[in-house]
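Reading through the structure tokens given below for one structure.
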Amino acid sequence: MYTSTRDNSVRVTAAQAIANGISKDGGLFVPTEIPTLTLDEIKELSALDYQGRAVKVLGKYLSDFTHEELVDCVSGAYGGGKFSSEKIAPVVKVDGSAYIQELWHGPTCAFKDMALQILPHLLTRAAKKTVGDKQIVILVATSGDTGKAALEGFKDVPNTKILVFYPSDGVSVMQKLQMVTQEGENVGVCAIKGNFDDAQSGVKAIFTDPDVAKLLDDNGMQFSSANSINWGRLAPQIVYYVSAYCDLVEQGAIKLGDKINVAVPTGNFGNILAAYYAKQMGLPVDKLICASNANNVLTDFLGNGVYDRNRSFYTTISPSMDILISSNLERLLYILSGGDDKKTAGYMAELSKNGKYTVDADILAKIKADFCAGCCDDEQTKTTIGEVYKEKNYLCDTHTAVAVKVYNEYRAATGDETATVIASTASPFKFTASVLSAVDASLVKGEEYEMAKALADATGVECPVQLCGLEDRAVRFSTVIEKSEMQAAVYNMLGI
């Protein structure tokens, strides 16, 4: 069963949590207890492929889905040649104790595919169990990758519509092209004048407005979310950390029971929170290394317990992390407070009112026991991309490079040589100009596709066809609105 971070008297099934997306009180759904994963089970999982591992891990959290339903959902998401790697999320050794898990082999070349290829399967089944014949309206705020991955996952899914809002100047050229050329009869895309936090706050406000909910209900519709506030997004992310550990055991890189570290580039805190859930289940994880770009609100918070979004917002070359309100942190606060809904709701109220809150000493001590944090700016990110390519012959994108840089600093400061999985979140070709300038700045010229070809020629790394093939696609969505116009845009796109 699941409860709300702001009202722990709430009890809903996994299907209800997924179908609703967010609790009526504005809180996020969390499992009332975290299931366990034993070493014997990890040993058994190590002998399975990614799909087999996903069915077993998801089955622990989604207990009102039958085994057959989960098999169908998993095979629909990860089968059929949708991923360019048979391993789905392969683990590659870079050097010494550092291993990169490539989470971007899906149809949109970003880690969001790992969850957003399976979410439509989970959501349509959850809706049948909970809301009958209502049309599900997926509302999404994106800093770049979630939008395209959600659009691709939900395009032409029966009885659903999906509407995506993105910051007009806050995504890469390739990310924007992916969204505005999206195919599908049930999709809508709209840019807003503002940043990701504005888009995310607008979506949450629309979600929790009872008048909006009534209008949708009158029209046979119900909101759900494809952002990581939806438990159906977070649960599949737990799987790939378990899978990474299994791969390291299978490769002989570690022995069963050995601890690993995990380094994650994160903005909304969902990706690293999934690793935290895996650790709480029993996966042998020591440190969770949280990597931020110049928008380093999480670095400060994990170090001193003060969350303060009252600071400059930077538009960086790692735009998917350009976030100052990390929604999924609310789930961590709820867990660390011992399920204290009033305390969690209080922190969120302070954040909403003052843009700031400070956790108590007990919660901060628990944070420091599990998490380390660091950040780096754009120049350091580019330097890291260049160094990793020249020294290790590995080409990484602007987000993965942030995690590599922060991990290298952590290792140098602590001497910790524990095997570490670094989450690689996107293909370098999603951020062509920045990656190319890091490899050879003299090649940065011309249009996006010319630079993609130059990057491929310079490195010998092939540009994914789903990115290079965008050049000939027609632009379908060009609307740009003020953030205050988001609700009206939703009504317009839904025709209500």
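Relative to the six-membered ring of Tyr245, Lys259 misses at least one condition, a distance below 6.0 Å or an angle of at most 45° to the axis.
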Candidate pair Asp322 and Thr316, rule side chain to side chain donor-acceptor pair (under 3.5 Å), full reasoning | CA-CA 7 Å; Asp322 290 349; Thr316 74; 2.7 Å; yes
Go through Arg311 and Asn296 one step at a time and tell me if the side-chain contact (heavy atoms from CB on, under 4.5 Å) criterion holds.
-> CA-CA 10 Å; Arg311 61 182 68 206; Asn296 60 352; 2.9 Å; yes
Before giving the answer on side chain to side chain donor-acceptor pair (under 3.5 Å), spell out for Thr398 and Ser318 the whole-Å C-alpha distance, their side-chain angles and the decisive distance to 0.1 Å.
-> CA-CA 5 Å; Thr398 51; Ser318 45; 5.3 Å; no
Show the numbers, then the answer: is there a salt bridge (Lys or Arg N to Asp or Glu O under 4.0 Å) between Lys112 and Asp145?
-> CA-CA 7 Å; Lys112 305 296 175 73; Asp145 287 334; 5.5 Å; no
Should Arg233 and Ser228 be marked as a side chain to side chain donor-acceptor pair (under 3.5 Å) after you check the CA-CA gap, both sets of side-chain angles, and the distance that decides it?
-> CA-CA 5 Å; Arg233 264 284 306 278; Ser228 57; 4.5 Å; no
Could you please spell out the steps behind the side-chain contact (heavy atoms from CB on, under 4.5 Å) verdict for Ser201 and Ile325?
-> CA-CA 9 Å; Ser201 296; Ile325 303 176; 4.0 Å; yes
Working for side-chain contact (heavy atoms from CB on, under 4.5 Å), residues Leu234 and Tyr277 | CA-CA 10 Å; Leu234 198 59; Tyr277 270 105; 4.0 Å; yes
For Ile136 and Asn159, what are the C-alpha separation, side-chain angles and deciding distance, and is it a side-chain contact (heavy atoms from CB on, under 4.5 Å)?
-> CA-CA 6 Å; Ile136 298 294; Asn159 215 30; 5.9 Å; no
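For Thr32 (side chain) and Met1 (main-chain N/O), a donor-acceptor pair under 3.5 Å exists by modelled atom type. Looking only at distances, a side-chain donor or acceptor of Asp197 sits under 3.5 Å from a matching main-chain atom of Leu324. Put simply, the side chain of Asn8 gets close to the backbone of Gly339: a donor and an acceptor are under 3.5 Å apart. The closest donor-acceptor contact from the side chain of Asp25 to the backbone of Gly27 lies under 3.5 Å. In this structure, Thr142 contributes its side chain and Tyr166 its backbone to no donor-acceptor pair below 3.5 Å. A side-chain donor-acceptor contact under 3.5 Å links Asp340 to the backbone of Lys342. Remark: the backbone N or O of Arg411 is not paired with any side-chain donor or acceptor of Asp416 at under 3.5 angstrom. Asp308 places a side-chain N or O within 3.5 Å of a backbone atom of Asn310 that can act as its donor or acceptor partner. A donor-acceptor distance shorter than 3.5 angstrom exists from the side chain of Asp7 to the backbone of Ser9, with no hydrogens or angles considered. Checked by atom type and distance alone, the side chain of Asn20 never pairs as donor or acceptor with a backbone atom of Ser23 at under 3.5 Å.
A 4.5 Å side-chain heavy-atom check between Leu103 and Ile88 finds every atom pair outside the cut-off. Annotation: side chain of Phe301 is in contact with side chain of Ile367 (closest heavy-atom distance under 4.5 Å). By the 4.5 Å heavy-atom criterion applied to side chains, Lys148 and Val164 are not counted as neighbours. For the pair Tyr276 and Asn328, the minimum side-chain heavy-atom distance is 4.5 Å or more. Annotation: side chain of Lys287 is in contact with side chain of Tyr410 (closest heavy-atom distance under 4.5 Å). Counting only heavy atoms from C-beta outward, the side chains of Val12 and Phe29 approach each other to under 4.5 Å. With contacts defined as side-chain heavy-atom distances shorter than 4.5 Å, the pair Asn295/Phe313 qualifies. Side-chain contact between Tyr407 and Ser97 is present, with at least one heavy-atom pair separated by less than 4.5 Å.
If you run salt bridge (Lys or Arg N to Asp or Glu O under 4.0 Å) between Lys214 and each of Asp217, Asp211, Asp218, only Asp218 comes through.
For the residue pair Gln200/Asn268, the side-chain donor-acceptor check at 3.5 Å is satisfied. Side-chain N/O atoms of Thr13 and Asp64 include a donor and acceptor closer than 3.5 Å. Residues Trp104 and Ser424 have side chains that bring a donor and an acceptor to within less than 3.5 angstrom of each other. Using modelled atom types, one finds no donor on one side chain facing an acceptor on the other under 3.5 Å when comparing Gln251 with Lys93. For Asn186 and Thr160, the side-chain atoms include at least one donor-acceptor pair closer than 3.5 Å. Side-chain contact of Gln175 with Ser320: a donor-acceptor pair under 3.5 Å is present, judged by distance alone. Under the 3.5 Å distance criterion, with hydrogens and angles disregarded, a donor-acceptor pair is assigned to the side chains of Asp113 and Thr108.
The aromatic rings of Tyr2 and Trp231 are tilted relative to each other, their planes meeting at an angle between 30° and 60°. Aromatic ring orientation, Phe223 versus Phe207: tilted (interplanar angle from 30° to 60°). The aromatic rings of Tyr357 and Tyr307 sit parallel to each other, their planes meeting at less than 30°, with 60° as the upper class boundary.
With rounding to the nearest 0.5 Å, the separation of CG in Leu28 from CZ in Arg331 is 4.5 Å. Distance check, rounded to the nearest 0.5 Å: CG of Leu332 to CG of Asp370 gives 8.5 Å. Rounding to the nearest 0.5 Å places CD1 of Ile335 at 6.0 Å from CG of Leu273. To the nearest 0.5 Å, atom CG of residue Asn293 and atom NZ of residue Lys405 are 14.5 Å apart. Atom CG of Leu45 is separated from atom CG of Leu37 by 6.0 Å, given to the nearest 0.5 angstrom. The structure places CD of Glu250 at 12.5 Å from CG of Leu256, a figure rounded to the nearest 0.5 Å.
Annotation for Tyr491: atom OH counts as buried by contact number, over 12 foreign heavy atoms lying within 6.0 Å. Other residues, nucleotides and ligands contribute over 12 non-hydrogen atoms within 6.0 Å of the CG atom of Asp156. Within a 6.0 Å radius of NZ in Lys56, no more than 12 heavy atoms belonging to other residues, nucleotides or ligands are found.
The existence of a salt bridge linking Asp49 and Arg53 is excluded, since no basic side-chain nitrogen approaches an acidic carboxylate oxygen closer than 4.0 Å. A salt bridge links Arg6 with Glu330: the distance from a Lys NZ or Arg NE/NH1/NH2 to an Asp or Glu carboxylate oxygen falls below 4.0 Å. Under 4.0 Å is where a charged nitrogen must lie from a carboxylate oxygen, and between Asp133 and Lys128 no such pair does.
Contacts classified as ring-ring contact (aromatic ring centres under 6.0 Å, His included) and involving residues 125-157 (residues at least two apart or in different chains) are not found.
With sequence neighbours left out, the salt bridge (Lys or Arg N to Asp or Glu O under 4.0 Å) criterion links Asp72 to no other residue.
Separation of the His399 and Phe431 ring centroids falls under the 6.0 Å cut-off.
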Donor-acceptor pairs under 3.5 Å, side chain of residues 114-124 to any protein atom, not counting sequence neighbours: which ones?
{"unit_1": "Gln117", "atom_1": "OE1", "unit_2": "Lys82", "atom_2": "NZ", "d": "3.4"}
{"unit_1": "Thr124", "atom_1": "OG1", "unit_2": "Pro120", "atom_2": "O", "d": "2.9"}
{"unit_1": "Thr124", "atom_1": "OG1", "unit_2": "His121", "atom_2": "O", "d": "3.2"}

